Amino acid sequence: MKSQVVTGIGVGAGLMYLFDPAQGARRRALVSDKAVHVGHLSERMTGKAGRDLRNRLRGMQHAVVSTLRRSEAPDAVVQERVRARMGRFVSHP
């Protein structure tokens, strides 16, 4: 019973806030703008998550394929791989 009274007071205060004759229209427009913004953000994040998942799966696929298909790399490729690894530890590989 107490929680219903508190909920009713909260809902009433919120409605008074939004439907105030002086500032209500501005407040409703602000709420609407924020809702649209959240929608755009969620769209963008969903797109990023999808691209991230796709790229991770592609990377795992290439890793599996490369371990199954062992071939000799040309000397230039091996040299660049060694240089890239060394570059993480020394300033002039």
Side-chain angles (χ1 to χ4, degrees):
M1 181 72 176
K2 238 183 199 181
S3 66
Q4 291 175 342
V5 171
V6 172
T7 302
I9 290 172
V11 168
L15 289 173
M16 281 177 47
Y17 182 78
L18 288 176
F19 292 105
D20 175 33
Q23 294 288 322
R26 185 177 81 64
R27 291 174 182 158
R28 287 190 302 274
L30 187 62
V31 169
S32 174
D33 288 346
K34 286 186 184 271
V36 168
H37 177 68
V38 167
H40 289 159
L41 281 179
S42 65
E43 242 179 69
R44 195 176 333 152
M45 289 301 142
T46 303
K48 281 183 182 179
R51 286 190 304 274
D52 181 54
L53 179 62
R54 184 179 62 235
N55 291 335
R56 286 176 189 266
L57 289 174
R58 186 180 300 151
M60 286 194 302
Q61 175 190 5
H62 286 289
V64 167
V65 168
S66 71
T67 57
L68 296 177
R69 185 178 359 146
R70 286 290 179 185
S71 63
E72 294 296 319
D75 289 339
V77 172
V78 174
Q79 181 181 3
E80 289 304 317
R81 287 179 185 167
V82 170
R83 181 174 285 140
R85 276 288 175 100
M86 285 176 56
R88 300 183 194 286
F89 301 106
V90 296
S91 60
H92 299 290

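Values in this document were obtained by computation on a predicted structure and should not be read as measured data. Count residues from 1 along the sequence.
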In Å, rounded to the nearest 0.5 Å, how long is the span from [atom1] of [X] to [atom2] of [Y]?
X     : Y     : atom1 : atom2 : result
Arg26 : Asp20 : CZ    : CG    : 10.5 Å
Thr46 : Arg51 : OG1   : CZ    : 10.5 Å
Arg85 : Glu80 : CZ    : CD    : 14.5 Å

Given the rule that I, L, V, M, F, W and Y join up when any side-chain heavy atoms are under 4.5 Å apart, are Val38 and Met45 in one cluster?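 No, separate clusters.
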
Between Lys34 and Val31, is there a side-chain heavy-atom distance shorter than 4.5 Å?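 Not in contact.
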
With a 4.5 Å heavy-atom cut-off, do Met86 and Arg83 have their side chains touching?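 A side-chain contact is absent here, since even the closest heavy-atom pair is not under 4.5 Å.
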
Would one find more than 12 heavy atoms of other residues, nucleotides or ligands at under 6.0 Å from atom CG of Asp75?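 Atom CG in Asp75 is not packed in, count stays at 12 or less.
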
Check this for me: Met16, atom CE, are more than 12 non-hydrogen atoms of other residues, nucleotides or ligands nearer than 6.0 Å?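 Check fails, neighbour count at 12 or below.
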
Closest contact, heavy atoms only, Arg27 versus Tyr17: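 Minimum heavy-atom contact is NH1-O, 3.0 Å.
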
